[in-house]
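What follows is one structure encoded as structure tokens, with my remarks underneath.
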Amino acid sequence: MKIALLAEGCYPFLTGGVSTWCDQLIRGMPEHTFDIVPIVATSGDRVVWELPPNVGELRPVALWDWTPSRRRPGPATRVTFDGLYRSFLRAMLDPAVAQAWFTESLRQMSEFAQSGNLTASLHTDDAVDALVDIWRELHPARPLSVRDAADATELIEHFLRPLSAPVVEADICHAVSNGLPALLALMAKWRFGTPLVMSEHGVYLRERYLAWQGLRYRWPVKVIMVDFFRRLCQSAYRASDLITPVNVYNQRWEMEHGADPDVISTAYNGVSAQDYPQAIGEPVIPTLGWVGRIDPLKDLETLIDAFALLHRKLPTVLLRLFGPTPVGNEWYEARLRLQAERLGLARAVSFEGPVRPVTGAYHASTVVALSSISEGLPYTVVEAMMCGRATVSTEVGGVPEVVGNAGLVVPPRDAEAFARACEQLFTNDTLRHRCARAGRVRALEFFQLDRMLGTFRHMYAELGGPGLWVNRMDLAEVEMA
Amino acid sequence: MSAPTSLDGGAVSRGLALHVAPPVRLPAARREQALERRAAGRLVQLTREYDQLCTQAVDSYEIAAGLEAFGVSDRRARAEYGVASVFELAEQMYDLVPERPAAVEPVADPWVRHPARHFLRGLLYGLPGLLLVVALRIIQVRLSVTVLLAATVAACALGQVVSFLGHVLLGRGEGRAATSLMRAALLTGAAPVAALSVAALITHVPTLRLGVLAAAQVEYLLAATVLMVLNADVLLLAILTPGVALSGLVLGGVAADVPAKVVLGTLGLSLLGAVVAAWLRLRPVGVTSGRRLRDALSGAELPVSACFLGYGGFSAALLSFAIVDAVTASGSPTGPTVAFSMLPLIASLGCADWLQYRLRSRAAKAMRNSASIAGFARRARIELLLALVGYAGILVVLSTALLGWLTGWQHLDQVLTLDTAGYTVLGLGLFLGTILMSCGLHAIIVAVTGTALAVDAALRWLLSGANGPVPLALAHLAVFSVLLAVLVAVSAAQFGRLSRHR
């Protein structure tokens, strides 16, 4: 079967939990061919994973490639676009408009985009004018400045670039998240009727909201962006044939935004027990380890604050942060280093960078920490448990489902609670060892890779059959004729 | 956590958003300081606790996401607040908070700079011309002038490309790629200098020495461009100062006895100093941040780079018209007289830079303050007209003053007057051309300036047998006037378009 794996900002261009999951999925199913269509920042992004042999094509869709000034579309194109775009904007911004209208207007926009004129049309003053007009109708007391309209139009232009990409042809579209990858899947569904499977690790929309809290757009621009992503996610949830969140807790967001409960089926992440052997003994120097990508969603500020409190009581403990700093997050690492320095922890906190194999990081840690403010089903915790390490984690996403009673879970962004939990584990050997043993047992029982692969193998078999997309394409041609 | 998103990096690098500290949970003591007084009650206490979250949220889901990130789960929402879920809790909180402050203007106006910086830029554009005039006087060979002019044209063209790509890459946060590009430019420029120097030392052929001078001139302009892209204007001025001072003394006759080798050596030190400073200055520009050069450029920059190459070359070639006349057979006066006709334009470069930035800044302000495209277009065109009239006024005043000073208002030299007028008109044209290039109108501006150059060159050839230099000077003035008229028409049609300012 030919499966299109649609991703955003992860595999195969970045390392991290979702990328690991994608790699596991492809390598674990050699009987299927996977075309990877990732949404990337620019076409200069470099592949950092070695692609498995069953990857058919890799066709990145760049959002932020610089495009020089384009020729203005002709009058007829401009008139067509103006009507479509105004309808799209109204459906997006007016809460009274039914979701189905937005979906239909998005579909019409995608058809227009396939003619190759979308970017040029969105660069015109007419596009900005349309937004100003629609906004004025909906918010007469709060006029939109031309600058805000221009900024919002620019963002919309970039975020709609996937609509201009070639329509994906496959038996199944498997979107790794909602949002822009789902946009590609929607196009395939509209054109060929391709079934859509959507896996959600974190919840895309929730993480968009969290990202906006750390990014400042001017108010109207933010409102427009929120409306765009909320409407898009709702359309994609409704169109999904199967939604596979990696935990139960996140289903609430999906159902709240229109997903049919009958198509939601949790598929826990898993790891291979062979790749994560149980650690023998503990490091000589007590070490609090953290494994992941240096990213604001990991809330490492709270972890460092918590470590400062812990260090006051247990001065021999070290904090080792294992993992890469993705391009664009250098500012965040610099902020963390400054924070550690300010707290007098420059020697006790180390940024270890990527580590291969990652088991080395777990074996080098006495206790493994996870301080995130949003998670799906974090590999860090699963892997640490598989390696037989006690964990302290924040109560977000599927973390409580993973940890059960095999580790300590504290509220996110609560440095004192985090420090207290760490202190408990470092000072109480019995508790730590009991958590470590229980974690290994729990990981072996619920979070093995074979189980995860079996779930998806079954789902793929139910949704599609080999070569179906060819038939669907024929059907579409007949319909068009 | 799900995949990191590709969305935000691009928005931040384009100035559409900026990183800010996420909302915090207020400690108990500060909860009363929340923006508005809210009635007592547990829910109200919660809105105070998460005041920033509530006042900044655009809908209730944003509050729900924030609450979950602080550990408020459905279980806690039910147990402590008697609601069914975090969503319901967030909805109530959203309804409760009466007003939401507008977000702060995220990005400072990139077109606002201290006026002194513009005038410094003007000096840096103009002062190398002084060094060139002195070098030309010392060499006193017709062929040398031709070669040096060709080198100037090439250097201006390459400098435009380096400036464009350097600004693009630095603007995208691609420090590593920008460093690679600018280093490559410096090395490429240095290679001919080194090769020709070695050859000249070995063979003692005079034309090779001339080649060294021409190549060094290209290398200097590349180094100066790098320093200006890196905003090291003051450093560049300091490096140029010895050469400029000596040139001034030589031209003023005060240091006429200084040996030519000493003068050329001092000028050479200025060039070398600029190259070394540029190389050293490139070191700290984020070698570790961003991607490699080949990854950071998408290929779409190439056609635009070609346009900047063309614009730089064509404008430099047009600007050298009087010098070219001087060294061709038309019999125009040479040396200082030619330089004098350029003086008003050179002296006004700082003002031009300031007016261009001011115009873009005012256009950006018009975007912020206009509620309709038509309103914006009207304001933008008025600002453009004011800038053009302002610059024309400056050029006319300077040109008139120069001619008055040179002739005592009695015997105006016809060719000098026409050349000065030609530079004034051409200056206005290039003032508009530069603005329109910065607005993304690349191809048309290159086509227009290129055509003007071609027509001017054709007229020079046609008038080569004319009696005296006046017909040629008139032809230049006519070509530049037409160029200005076309650019005015293009500006009027295009500058009011919003898409030119995005």
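Chain A is the first sequence line, chain B the second, and so forth, proteins listed ahead of strands; every chain is numbered from 1.
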Identify which part of B/Ala374 has an atom lying under 4.5 Å from any heavy atom of chain A, answering side chain, backbone, both or neither.
neither

Examine whether an atom of B/Asp74 lies under 4.5 Å from a heavy atom of chain A, and if so say whether it belongs to the side chain, the backbone or both; otherwise answer neither.
both

Parallel, tilted or perpendicular: ring planes of B/Tyr61 versus A/His257, cut at 30 and 60 degrees:
tilted

Toward chain B, the part of A/Arg206 with a non-hydrogen atom under 4.5 Å:
both

Are the charged groups of A/Glu395 and B/Arg76 less than 4.0 angstrom apart, N to O?
no

Quick one: list whatever passes ring pair (Phe, Tyr, Trp, His ring centres under 6.0 Å) with B/Phe308, sequence neighbours left out.
B/Phe164, B/His442

Heavy-atom proximity to chain A below 4.5 Å, by part of B/Ser73
both

Passes salt bridge (charged side-chain N to carboxylate O under 4.0 Å, His left out), A/Arg230 versus B/Asp59? Steps please.
CA-CA 11 Å; A/Arg230 200 186 53 242; B/Asp59 65 18; 2.9 Å; yes

Taking the side chain as everything from C-beta on, heavy atoms only, tell me whether B/Glu68 gets closer than 4.5 Å to A/Tyr249.
yes

Value for CD (A/Glu256) from OG (B/Ser85), rounded to nearest 0.5 Å, stands at 6.5 Å

B/Phe70 side, atom CZ; A/Ile373 side, atom CD1 - distance, nearest 0.5 Å
8.0 Å

Taking NZ, NE, NH1 and NH2 as the nitrogens, is one of them in A/Lys222 or B/Glu62 under 4.0 Å from a carboxylate oxygen of the other?
yes

Within this structure, what is the CG-OG distance for the pair A/Asp126 and B/Ser499, rounded to the nearest 0.5 Å?
9.5 Å

Do we see a donor-acceptor contact under 3.5 Å between the side chains of A/Trp219 and B/Gln56?
no

